[in-house]
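Taking it in order: structure first as structure tokens, then the write-up.
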There are 2 protein chains.
Amino acid sequence: MGEPTEPDPDAAAGRGSAALIEDGVEFDGRDAALLRAVDAAGSVAGAAADLGRSRARALSRIEDLEEAYGTLVERRRGGEGGGGSRLAPSGRALLDRYDRLQAVLAATAAVPETVLDGTVTAVDGELAVVDTAVGELSGLHGGGGEADDSGDDRGTVAVGDAVQVRIGADAVTVNDADDAVDPDATSARNRLPGRISRIDPGETVSTVRIAVGAAAGSGGADDAEGGSDGVAVAALITAESIDRLGLAPGDPVSIRWKATATRLVAHAE
Amino acid sequence: MGEPTEPDPDAAAGRGSAALIEDGVEFDGRDAALLRAVDAAGSVAGAAADLGRSRARALSRIEDLEEAYGTLVERRRGGEGGGGSRLAPSGRALLDRYDRLQAVLAATAAVPETVLDGTVTAVDGELAVVDTAVGELSGLHGGGGEADDSGDDRGTVAVGDAVQVRIGADAVTVNDADDAVDPDATSARNRLPGRISRIDPGETVSTVRIAVGAAAGSGGADDAEGGSDGVAVAALITAESIDRLGLAPGDPVSIRWKATATRLVAHAE
DNA sequence: CGTCGTTGTATCGGCATAGATACAACGGCG
DNA sequence: CGCCGTTGTATCTATGCCGATACAACGACG
């Protein structure tokens, strides 16, 4: 798709790489390429040749992976053509799983994020309430057990902790300000009034920045996130929705997002 | 938090590990631990000792990282206590960035996801429309350039391609079925009628499965995702919202989610 | 039965990374 | 001035991973 619009200066976290991990064995892009090559070539030997890698290594790598992930490649020696290998259904599923993880990672790198500093005021199960410059927000903390390799407490929070609240721009919904939707009708709970400070148009998806808090009252061209009293929340909106809602800079709007789409991260203080 | 409720059998993608990458240098959990240890110990030597790693290696690793990421640690030799090192502000920021990436990754591993197979019917910029078993959905494709190391086309799609549509349960909003919200008032576009098939309660956050498509009409206790005509979409809802909306199995509901929170993944066919 | 190309298996060498060790430079402090 | 613990720097060694190579086992096919 090229880069028709530059990738946003403050786009987000920057590039990253991810790998599945099971039983201590990582499944990374190299392994994915190997499995794909096996699928294309019909044999491990052919795949290794296509990739310019050692055949013996490729085979032993597949064995290591299978020890952790189960059968991935159905191998057969002897017979027509001397034998061959096919990607097992579970191998295909693993590949899909990897691709989905990769897609999520690419998304977090490409989608703007809003980060607010705050202090935890309450913890109730997986949910926590955080006091921030724009009021109290609720979000999830503690992903899934200890995914990190260092066995510290990271990922869980307690009352009084300094945390960062991360809101992905793809999770923020924009409503008309005067549209008083029945709060009982939806499960999106975090809600803030604001004013559109800027619209960065994309081809079919635009990034809308909404000034909230103290800055929302004033004219609000201020979009410096670290501003003394101004905070800008980014929202990813399709061009069609912008047209439909008639959004333009200066418009008062109401933004909302689900608590379950809000992540709390312990802040390196 | 421990594991009061087991981590959901079909929870999601499974564990993963991620690393920032800049200028060809990866910043992984090991590097994060090193920076944290420096912050705690006040010296690189002490940090290396605490981690049981070689001091010389730790120092050269920091230098390699700084070549790619800029100043991370302020080092000073001689003086009080013989010298020492402090984490630079940019080092703290990098650590925060890594933690946010980690949090997002942990979230994708812990949050259920709904995956639908479909065929691309239209592509317009970053958006694409996909025909699935439950109708036409729109979502984003192609994260941010080529984040993967294998330089293939993966990540972008074309009309006619077989793709998987990934919808994170944390992005799905549940509304009352009879609540006819003005469609012009919100930027959430994908919308489907359905019927609650199951509620998996958590401490404060529950996973609600909504049968959509053909299965939605019948009683709908069917939640087999691969069923012939039944598809279940997972939604993460706070217990409070469930109470507020009065959700229970069998209830007709309307679910919606943003196109920008929907990822399209090329399917390994 | 021999051919063929593949899957298995073992071994060797190269290369990159990390640990171990040693030593110089630095600069407050007693 | 000498002591001290740290930052810099260099070098050697161990380890692990990968490529390269070689050879046995296999089974359909001509």
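The shown structure was predicted, so the numbers you read here are calculated from the model rather than taken from an experiment. In what follows, chains carry the letters A, B, and so on, assigned in the order in which the sequence lines appear, proteins first and then strands, with residues in each chain numbered from 1.
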Check your understanding: Is the phosphate of D:dC18, meaning OP1 or OP2, less than 4.0 Å from a side-chain N or O of A:Arg53?
Key -> no
Review point. How many Å lie between CG on A:Asp28 and P on D:dC17, as a whole number?
Key: 13 Å
Practice item. Using whole Å, report how far CD of B:Glu66 lies from C1' of D:dG8. Key: 13 Å
Study note, to complete from the structure: When A:Ala58 and B:Val44 are each assigned the nearest nucleotide of DNA chain D, the 5'-most assignment goes to B:Val44
**Study point:** Given C:dT6, D:dC23, D:dT9, the nucleotide with the shortest approach to the side chain of A:Arg77
**Key:** C:dT6
Review point. Separation of A:Leu34 atom CG from C:dT7 atom P, in whole Å?
Key: 11 Å
Check your understanding: Relative to the 5' end of DNA chain D, which residue comes earlier, A:Gly78 or B:Glu63, by the nucleotide with the nearest heavy atom?
Key -> B:Glu63
Review point. Is a donor on one side and an acceptor on the other found under 3.5 Å between the side chain of A:Thr121 and the backbone of A:Val129?
Key: yes
**Study point:** Electrostatic pair A:Arg36-A:Asp99, nearest N-O below 4.0 angstrom
**Key:** yes
Review point. Would you say a side-chain N or O of B:Arg75 is under 4.0 Å from OP1 or OP2 of D:dG8?
Key: yes
Practice item. Take the protein atom CZ of A:Arg55 and the nucleotide atom P of C:dT9, then report the distance between them rounded to whole Å. Key: 12 Å
Practice item. Measure the distance from CG on B:Asp64 to C1' on C:dA16 and round it to the nearest whole Å. Key: 13 Å
Exercise for review: Provide, to the nearest angstrom, the distance between the CG atom belonging to B:Leu59 and the P atom belonging to D:dG8.
Suggested key: 6 Å
Exercise for review: For A:Asp50 and C:dT6, give me the distance from atom CG to atom P, rounded to whole Å.
Suggested key: 11 Å
Check your understanding: What nucleic acid atoms does B:Arg57 come within less than 4.0 Å of, heavy atoms only: base, sugar-phosphate, or nothing?
Key -> base
Review point. Can you find a side chain N or O atom of A:Ser85 that sits less than 4.0 Å from OP1 or OP2 on C:dT6?
Key: no
**Study point:** Minimum-distance nucleotide (side-chain atoms of B:Ala45 versus C:dG19, C:dT7, D:dT6)
**Key:** D:dT6
**Study point:** Interatomic distance where CD1 belongs to A:Ile62 and P belongs to D:dC17 [whole Å]
**Key:** 17 Å
Check your understanding: Would you say A:Arg53 has more than 12 foreign heavy atoms packed within less than 6.0 Å of its CZ?
Key -> yes
Practice item. In plain terms, say whether B:Glu113 and B:Arg263 are close enough for a salt bridge, that is, a side-chain N and a carboxylate O under 4.0 Å apart. Key: no
Review point. Contact class for B:Arg76 (heavy atom, under 4.0 Å): base, sugar-phosphate, or nothing?
Key: sugar-phosphate
Revision key, fill the gap. Winner on side-chain proximity to A:Glu80, out of D:dT7, D:dA28, D:dA22, is D:dA28
Check your understanding: Under a 4.5 Å cut-off applied to non-hydrogen side-chain atoms, are A:Thr262 and A:Leu140 in contact?
Key -> no
